[in-house]
Amino acid sequence: MQPGLSVIVHGPDRQGHLGELLDSLTAQPFTGAEVIVAAVGDWARQQAEQRAADDPRMVVLPLPDGTSDGAARAAGADRATGRWLHFVHAKDGLPAGALRAIADRTAELADSADVLVVNHVHSTWQSAGRPGEDGRFLARAGRRAAPLADFPQLLWLTPVLGNRIIRADFWRSRAVRDDLADAGFGDDETYAALAVLLHAEEIAALDEVAYEIRQLREQSLPPVTTAQRYQALERYERLHRLLAARGTSEGPRAVLYDLMVRDLLRVFSRSAMPEPEAREFFGRASQAAVRWRPEHHRRPAGFEGVRHAFLEENAYTRYRLFQTANHKRRQVRSAVASGKRQVGAKLRDHRYRRALSEPVDPHLAVFSAYWDRGVACNPAAIAATLAELAPHIHPVWVVSRHNAALLPPGTDHIVPGTRRYWDVMARAKYLVNNVNFPNAVVKRPDAIHVQTHHGTPLKRMGLDQVDFPAASKGLDFDALLARIDKWDYSVSANSHSTRMWERAYPSRYTSLDYGYPRNDVFYSATAEDVRAIRDRLGIAPGRRAILYAPTHRDYEAGWTPRLDLASLADRLGKDTVLLVRGHYFYGGAASPLAGLRRSGRVIDVSSYDPVEELSLAADALVTDYSSIMFDYANLNRPIVIYADDWETYAKTRGVYFDLMAEAPGQVARTQEELAAVFETDAWRDEAARKALTAFRRRFCEFDDGRAAERVVRRVFLGESEESLPPVVPVDERTPAPAPEEATA
């Protein structure tokens, strides 16, 4: 039976939104539609195939990287069998109930309309579901199908194909097909969205939100070229010729004319064109304005009408003067508002600005970790390898005043706010951090900033915290974006992280899919290393050590262990040691483990660094939602998830995947269940091993023991991607020996 609707999802998976879109489609159990996923690139294909396995409505059409949107739409339409086509870009969304609403409306129309226009909401990286202005035009159109001449204001609808449901026979008609194919205008979505309305004999409206336009944060777009500017001009010339050929009445021509003038003036005003090129573009736009101006056209009122007049009269010089006057007026208002802030900033930044005028030192690198806590995490691993491979580069660590005494002897360091701090920060060629440097740190053009991160994301991060105020707690997202824009490189341990960073931290940086340098030790440590760490911790040979490392909860003010540790230790017996590590956010607070420290039943390792040594010492890991699980999985040792509050955590913090369905081992929801897991062999049985294997393959993808080497060779030594050591497949790696092996 022919489906009534073909939803054609097309494009690459940009910033990780394709999965969300496909999940939302799967959640709409409407059987009268098919979903054609014209997936551009391997990642989009993988996302689509994963969902298609569980949704018989979904057909995956793999397309190579670089396939244009127009070509992907065409390929999807060729494969579709539905009576109506709905083109949905992979970055956009479909609200709940959209399929049913569209299907019901198109069933009413049968073949009485060529196009159904629908309402939409608009989302950005900062806001979600903001209604646009299209509703007022749709409401006026009512429910009947009619020619464009009856409702020419429909040309003002946001020009995307997603808010136009198109009858398949009409889309495949020779007039539409030839028009979009000619001169490559099929890739110009604005042209296509307007052209289908101009070609249509009758258009129907649905004043219901059935599409979500998602505006991604793009920082890597190349500047607009001369050819692209003139393509905007040719777009409207071509559309006007189409109207003239069809003998369309003056109403649509007048609206299209106003659209043309508005858009051409925007292109002109927002493009930094050299003077001769600007004059030529303005002159050609003026010719188009005169050529296509309807006989009885009336200019808009106010500033917009003045702009129209200048363009139609080809008054380039007067238009520039008009622009300058408006710009100066805005500058005056801005200067008054920022005057007081500038006075204070000048006093504070004088020395820093002077240092910024000095040349960058190509042999100076700044490292920081965990908000200037000390030598730790990925930056520490990179610095250690840097000393081996590039000893000519001098490392300096940023460390807070109260942590400076804890540094390894001989560590060159700077304390934030001091004179040397600003001098070094200004001159360093390399700046490496696992969080962000302060807002005041300037990104010099010839400096290189490396963001190493400090975990694989289960919980929502960055811009994805917008909808989770309990997690963001007033985070300044604009300031966050400014910090992200300073990154040159982002280090990733797996494809999941790469996609989530791209989505949560959208900017122009290059992703280094090399693995986490801090995890290299899990492949280089020897049996002797494992024994030595256990000796330092006081773990006797033959005893089972379980590392319990819970994460921070945004909805709790402090840390209270969610387990009765004394009771658990008693139940597991004298041959089991609990290594308990509280989250570093609570490092300054009194430990709730104080009463157990000297009992021998529990060892408080909250202040023990580095945490990687604790992992090497442990026979098994118990955690809730901490990213330590992703690192520990490299050791191929058992992991047990203790998730007594998963639903609350997921709701308040937001998560990227369902840990309960994709856990790295057994899951316990109560202390009784947790104790039972370790009283039997369930913690390391066949089911647990299978779960861990799948988890390792997904999340330990790039961690093979040579991550730091890859980072140093690529970033500090400038070696090519092709010359770096290739990543060893997960199943071919040999992690550090388990304690049982090391102490045998």
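Keep in mind that the numbers below use all heavy atoms, side chains included, and drop hydrogens, waters and symmetry copies. All figures in this text were calculated on a predicted structure; none of them were measured in a lab.
Taking 4.0 Å as the cut-off between side-chain N and carboxylate O, Glu647 and Arg669 count as a salt-bridged pair. A salt bridge is defined here as a Lys NZ or Arg NE, NH1 or NH2 lying under 4.0 Å from an Asp or Glu carboxylate O, and Asp631 with Arg518 meets this definition. A salt bridge between Asp69 and Arg73 is absent, with no side-chain N of the basic residue lying under 4.0 Å from a carboxylate O of the acidic one. Between Arg100 and Glu208 no salt bridge is recorded (no basic side-chain N to carboxylate O distance below 4.0 Å). A salt bridge does not link Arg733 to Asp703: none of the charged side-chain nitrogens sits closer than 4.0 Å to a carboxylate oxygen. Under a 4.0 Å N-O distance rule, the pair Arg503/Asp464 qualifies as a salt bridge. Ionic pairing of Asp731 and Arg697 is present here: one or more N-O contacts between side-chain nitrogen and carboxylate oxygen are shorter than 4.0 angstrom. Looking at Arg57 and Asp55, a side-chain N of the basic residue comes within less than 4.0 Å of a carboxylate O on the acidic one, giving a salt bridge. Salt bridge annotation for Arg696-Glu701: absent, with no cationic side-chain nitrogen under 4.0 angstrom from a carboxylate oxygen. With respect to the salt-bridge test (charged N to carboxylate O, under 4.0 angstrom), the residues Arg508 and Asp488 do not qualify. For the pair Asp23 and Arg51, the salt-bridge criterion is met [side-chain N within less than 4.0 Å of a carboxylate O]. Under a 4.0 Å N-O distance rule, the pair Arg45/Asp13 does not qualify as a salt bridge.
Taking CD1 of Ile8 as the reference point, atom CG of Leu85 lies at 4.5 Å (rounded to 0.5 Å). Taken from OG1 in Thr106 to CD1 in Ile166, the straight-line distance is 13.0 Å, to the nearest 0.5 Å. Interatomic distance, CG of Asp704 versus OG1 of Thr734, reported as 11.5 Å (0.5 Å rounding). To the nearest 0.5 angstrom, Glu212 atom CD is 9.5 Å from Leu21 atom CG. The line from CD of Gln666 to CG of Leu692 is 11.5 Å long, rounded to the nearest 0.5 Å. One finds the SG atom of Cys377 at 10.0 Å from the CG atom of Asn433 (value rounded to the nearest 0.5 Å).
Counting all heavy atoms, side chain and backbone alike, Ala549 lies closest to Ser626 at O-CB, 3.6 Å. Of all non-hydrogen atoms in Asp513 and Ser511, the two that sit nearest each other are OD1-OG, 2.8 Å. Pro517 approaches Ile382 most closely through the heavy-atom pair CG-CG1, 3.7 Å. Looking at every heavy atom in both residues, Ala210 comes nearest to Ala98 through O-CB, 3.8 Å. Of all heavy-atom pairs spanning Arg130 and Thr124, the tightest one is NH2-CG2, 4.4 Å. Across all non-hydrogen atoms, the minimal contact from Gly76 to Leu61 is N-CD2, 4.0 Å.
Formation of a donor-acceptor pair under 3.5 Å by the Thr67 side chain with backbone atoms of Leu63 is not found in this model. Under a 3.5 Å cut-off, the side chain of Arg637 and the backbone N or O of Leu616 do form a donor-acceptor pair. At least one donor-acceptor pair closer than 3.5 Å links the side chain of Glu189 to the backbone N or O of Leu161. For the pair Asp92 (side chain) and Arg214 (backbone), a donor-acceptor distance under 3.5 Å is present. Judged purely by atom type and a 3.5 angstrom limit, Arg217 uses its side chain to pair as donor or acceptor with the backbone of Pro506.
The six-membered or imidazole ring of His449 lies away from that of Tyr489, with a centre-to-centre distance of 6.0 Å or more. A centroid separation of 6.0 Å or more is found between the aromatic rings of Tyr514 and Phe702. In this structure, His86 has its ring center closer than 6.0 angstrom to the ring center of Tyr211.
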Stepwise, does the side chain to side chain donor-acceptor pair (under 3.5 Å) test hold for Asp187 with Ser68? CA-CA 7 Å; Asp187 283 330; Ser68 69; 2.8 Å; yes

List the steps, then state whether side chain to side chain donor-acceptor pair (under 3.5 Å) holds for Thr158 with Asn163. CA-CA 8 Å; Thr158 305; Asn163 61 8; 4.9 Å; no

Go through Asp42 and Asp65 one step at a time and tell me if the side chain to side chain contact (heavy atoms under 4.5 Å, CB included) criterion holds. CA-CA 8 Å; Asp42 287 341; Asp65 270 320; 5.5 Å; no

Let's go through His496 and Phe657 carefully: what are the C-alpha distance in whole Å and the side-chain angles of both, what is the deciding distance for ring-ring contact (aromatic ring centres under 6.0 Å, His included) to 0.1 Å, and is it a yes or a no? CA-CA 10 Å; His496 164 79; Phe657 65 92; 5.7 Å; yes

Working for salt bridge (Lys or Arg N to Asp or Glu O under 4.0 Å), residues Glu34 and Arg79: CA-CA 11 Å; Glu34 66 175 1; Arg79 177 64 179 77; 5.0 Å; no

Derivation of the side chain to side chain contact (heavy atoms under 4.5 Å, CB included) call for Val115 and Ile165: CA-CA 6 Å; Val115 181; Ile165 320 309; over 6 Å; no

Check against ring-ring contact (aromatic ring centres under 6.0 Å, His included), Trp487 and Tyr505: CA-CA 10 Å; Trp487 302 356; Tyr505 304 123; 5.2 Å; yes

What's the verdict on ring-ring contact (aromatic ring centres under 6.0 Å, His included) for Trp171 and Phe87, showing C-alpha distance, side-chain angles and the deciding distance? CA-CA 11 Å; Trp171 176 263; Phe87 295 103; 4.7 Å; yes

List the steps and the verdict of side chain to side chain donor-acceptor pair (under 3.5 Å) for Thr498 and Ser492. CA-CA 6 Å; Thr498 301; Ser492 177; 2.8 Å; yes

Candidate pair Arg553 and Asp624, rule salt bridge (Lys or Arg N to Asp or Glu O under 4.0 Å), full reasoning: CA-CA 10 Å; Arg553 283 157 173 75; Asp624 39 29; 2.9 Å; yes

Going through the distances and angles, do His453 and Tyr516 end up as a side chain to side chain contact (heavy atoms under 4.5 Å, CB included)? CA-CA 9 Å; His453 305 282; Tyr516 272 163; 3.3 Å; yes

Please walk me through it: do Tyr509 and Lys486 pass side chain to side chain contact (heavy atoms under 4.5 Å, CB included)? CA-CA 8 Å; Tyr509 54 80; Lys486 298 173 185 176; over 6 Å; no

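Under 3.5 Å, the side chains of His120 and Asp134 contain a donor-acceptor pair of N or O atoms. Residues Asn434 and Thr452 have side chains that never bring a donor and an acceptor to within less than 3.5 angstrom of each other.
Under the 30°/60° scheme for interplanar angles, the aromatic rings of Phe716 and Tyr430 are found to be tilted.
The only option from Phe699, Phe695, Tyr632, Phe630 that meets the side-chain contact (heavy atoms from CB on, under 4.5 Å) definition with Pro664 turns out to be Phe695.
By the 4.5 Å heavy-atom criterion applied to side chains, Val711 and Thr385 are not counted as neighbours.
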